[in-house]
Amino acid sequence: KQEVTQIPAALSVPEGENLVLNCSFTDSAIYNLQWFRQDPGKGLTSLLLIQSSQREQTSGRLNASLDKSSGRSTLYIAASQPGDSATYLCALHNTDKLIFGTGTRLQVFP
Amino acid sequence: GAGVSQSPSNKVTEKGKDVELRCDPISGHTALYWYRQSLGQGLEFLIYFQGNSAPDKSGLPSDRFSAERTGGSVSTLTIQRTQQEDSAVYLCASSLVAGDYYGYTFGSGTRLTVV
């Protein structure tokens, strides 16, 4: 059974810091990996999608990498801002559905 | 539509009553998914549809939960005889096809509170 773990569970930092959020999974037989953010009381917003043949994707201040052989993905947030405060979820595309990680709750304070 | 639409956004119901939650996927998306997020918990898969059929309903927690999809579009998740442990945010997502190469789009969810 695929298990997806995110570390750290929570993170509180001053704005301006560069951050690394980690996602690890037990079964490397995945299709794609997607990073989402969730604001309190809201749905999920897709941030980055890494296809299984790719190793990384970039969008603005965000960069996500995928290493299937080691069962890891990393989301890098550069120059963090208070508006980045949210819960970040990684999700594995496993044939017909998404399997979500446990999430990292990020707070960036001014 | 432009996005995945869910209704109602909030629902408060008395224990024992039945509730229906609605999801309107992105036009043209053939796959539709239901997830549940309980307070302090991760996202739990419930069921997915490819067209009008549900190849995987393994995540439905009990026989009080059912879902249907008609016309390959709108889906309804029904919870019968609601219990307090059913309180959660119910999220719907759609994709072009199941296991879509281009990713999933989520709605804003329905927050269900059973009192």
Side-chain angles (χ1 to χ4, degrees), chain A residues 1-10 21-27 29-54 57 59 62 64 66 73 75 86-105, chain B residues 3-7 9-10 21 23-26 29-51 53-60 67 88-113:
Chain A
K1 178 185 175 185
Q2 178 74 272
E3 293 185 0
V4 187
T5 305
Q6 291 185 244
I7 295 173
L21 308 183
N22 296 293
C23 171
S24 62
F25 45 94
T26 54
D27 185 350
I30 65 170
Y31 289 83
N32 306 324
L33 186 143
Q34 194 164 1
W35 281 92
F36 294 88
R37 82 174 263 169
Q38 184 177 31
D39 294 279
K42 301 290 181 61
L44 276 67
T45 301
S46 178
L47 298 173
L48 291 165
L49 170 68
I50 309 176
Q51 297 162 2
S52 62
S53 60
Q54 298 175 323
Q57 281 288 328
S59 176
L62 303 180
L66 173 63
S73 177
L75 179 66
T87 296
Y88 289 79
L89 296 159
C90 66
L92 275 60
H93 293 207
N94 188 358
T95 57
D96 54 12
K97 58 180 176 276
L98 288 172
I99 300 175
F100 282 89
T102 47
T104 293
R105 184 178 303 171
Chain B
V4 178
S5 177
Q6 291 188 248
S7 61
S9 55
N10 281 283
L21 312 180
C23 174
D24 200 342
I26 291 175
H29 279 194
T30 64
L32 184 148
Y33 310 79
W34 284 98
Y35 285 83
R36 177 170 74 171
Q37 188 173 36
S38 303
L39 186 63
Q41 302 295 314
L43 275 140
E44 174 188 15
F45 169 80
L46 298 178
I47 185 172
Y48 98 92
F49 291 88
Q50 178 62 51
S53 64
D56 190 347
K57 55 181 77 171
S58 62
L60 295 178
V89 176
Y90 290 81
L91 290 165
C92 174
S94 70
S95 62
L96 278 172
V97 294
D100 182 21
Y101 191 69
Y102 296 104
Y104 298 66
T105 303
F106 279 79
S108 298
T110 293
R111 181 175 297 277
L112 175 66
T113 304

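Scope of the values below: all heavy atoms of this structure, side chains included, with no hydrogens, waters or symmetry mates. Just so it is clear: chains get the letters A, B, ... in the order the sequence lines come, proteins before strands, and each one is counted from 1. On a predicted model such as this, the values are computed, not experimentally measured, just so you know.
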In terms of the angle between their ring planes, are A:Phe100 and B:Phe106 parallel, tilted or perpendicular, with boundaries placed at 30° and 60°?
->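 Perpendicular.
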task: Examine whether an atom of A:Leu89 lies under 4.5 Å from a heavy atom of chain B, and if so say whether it belongs to the side chain, the backbone or both; otherwise answer neither.
output: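 A:Leu89 touches chain B through side-chain heavy atoms alone.
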**Prompt:** Checking heavy atoms, do the side chain of B:Gln37, its backbone, both or neither come under 4.5 Å from chain A?
**Reply:**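 Contact with chain A involves the side chain of B:Gln37 alone.
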| message | For B:Leu43, which atoms come within 4.5 Å of any heavy atom of chain A: side chain, backbone, both, or neither? | response |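 Both backbone and side chain of B:Leu43 come within 4.5 Å of chain A.
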Over all atoms of both residues, closest heavy-atom pair of A:Ala91 and A:Leu98:
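Here A:Ala91 and A:Leu98 meet closest at CB-CD2, 4.0 Å.
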Review point. Taking only residues two or more places apart in sequence, or in another chain, which ones meet A:Phe25 in a ring pair (Phe, Tyr, Trp, His ring centres under 6.0 Å)?
Key: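 Per chain and number, A:Phe25 pairs via ring pair (Phe, Tyr, Trp, His ring centres under 6.0 Å) with no residue.
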**OP:** Write out all pairs satisfying salt bridge (Lys or Arg N to Asp or Glu O under 4.0 Å) with one or both partners inside residues 32-41 of chain A, taking only residues at least two apart or from two chains.
**Re:**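 As it turns out, the salt bridge (Lys or Arg N to Asp or Glu O under 4.0 Å) pairs with a partner in residues 32-41 of chain A, which skip direct neighbours, are A:Arg37-A:Asp39.
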Can you tell me which of B:Gly59, B:Ser108, B:Ser9 forms the most heavy-atom pairs within a distance under 4.5 Å of chain A?
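That would be B:Ser108.
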